[in-house]
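Ligands are counted one by one from 1 in listed order, and the atoms in each one are counted from 1 as well. Only a predicted model underlies this, so the values are computations on that prediction, with no experimental measurement involved.
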Amino acid sequence: MVTPEAYTHFRETMEYIRRYYQGSVEVGIVLGTGLGGLAENIEKEVQLAYNFIPHFPISTVESHFGRLIFGQLGGKKVVAMQGRFHYYEGYTMYQITYPIRIMKLLGAHTLLLSNAAGAVNLTYKLGDLMIIRDHINLLPENPLRGINLDQLGPRFPDMSQPYDRGLIARARSIAQDLNVPLQEGVYAAVPGPNLETAAEYRYLRIIGADVVGMSTVPECIVANHMGMRVFAMSIITDIGDPDNLKPVSLEEIITVASQAEPKLTRIFTELVRSL
Ligand code: HPA
């Protein structure tokens, strides 16, 4: 839950980061499961391990190598999270979205998010990229619950367009130039960590989702609260066909994500360049 101590936390985190990185950043980037490849394209200036940054959550084993990367991408100053925090790992929503708030305090006006997701729209294929046009929040807690941080944004932020239409249009034209097909649809966020039952995939389709995943929505809500422009993209790593549901493992999800990752990296890089 958000408490008045947040401002003290921010100050202490910023003091630490400022010892190593004094510049401003324009764009924040969150790299999802199996999608760390973009980090190789960043001309790195400073890298900070999460575990040493005050008030960053202590990483669990899975995100052990989590770090903040400061540098240049497409000629722009960026800060990238290599490894994010998920609700299923036991973090609070405040912890999960804490780095996004720090990105904004560092100057980022735009946030790019990526994730691995399962398709419930059965026209989608493994390895497809999908621009997130809208979302459905099925997580049990909202990252804005608690006191409103008036210095960051309003109590009741608007969500009529959580994903910036201008960035979506630009990404579409970039993808066309690169000859990369793109889907566009609705992302449903669930707590996980289990994947869905057949009945749950059917339900998600009925309520209007195209894909389902365990991240992204908390970060998007907090970024919108602070007035950041958000762009998000999913890689389809498995197909949730309720009438023909096959077992799927984390290894398969990561393999599909890594194979499709170069397409996402190209689009993100050109999108950042165009800002
Ligand atoms: N469900 C939820 N989260 C996921 C999935 C899925 O099918 N695939 C990748 N992340």
Ring centroid separation Y16 to F52 under 6.0 Å: no
Residue, atom name and distance, where the atom is the protein heavy atom closest to atom 10 (N) of ligand 1: A116 O, 3.4 Å
Any side-chain heavy-atom pair of E184 and R172 under 4.5 Å: yes
Electrostatic pair D150:R155 at N-O distance under 4.0 angstrom: no
Qualifying residue for salt bridge (charged side-chain N to carboxylate O under 4.0 Å, His left out) with K77, from E26, E45, E43: E45
Protein contact to atom 8 (N) of ligand 1 [nearest heavy atom, distance to 0.1 Å]: D238 OD1, 2.6 Å
Between E270 and S274, a side-chain donor and acceptor under 3.5 Å: no
Numbered atoms of ligand 1 (with element) below 4.0 Å of Y201, judged on heavy atoms: 1 (N), 6 (C), 7 (O)
Greater than 12 external heavy atoms within 6.0 Å of N179's CG: no
Closest approach of any protein heavy atom to atom 4 (C) of ligand 1, naming residue and atom: V212 O, 3.6 Å
Ligand 1 atoms in contact with M214 (distance to a heavy atom under 4.0 Å): 2 (C), 3 (N)
Where ligand 1 meets T237 - atom numbers and elements under 4.0 angstrom, heavy-atom basis: 8 (N), 9 (C)
Under-4.0 Å salt bridge between R205 and D210: yes
Proximal ligand 1 atoms for G118, defined as those under 4.0 Å from one of its heavy atoms: 5 (C), 6 (C), 7 (O), 8 (N), 9 (C)
Protein heavy atom at shortest distance from atom 2 (C) of ligand 1: E196 OE1, 3.2 Å
Close approach, G192 and ligand 1, non-hydrogen under 4.0 angstrom: no
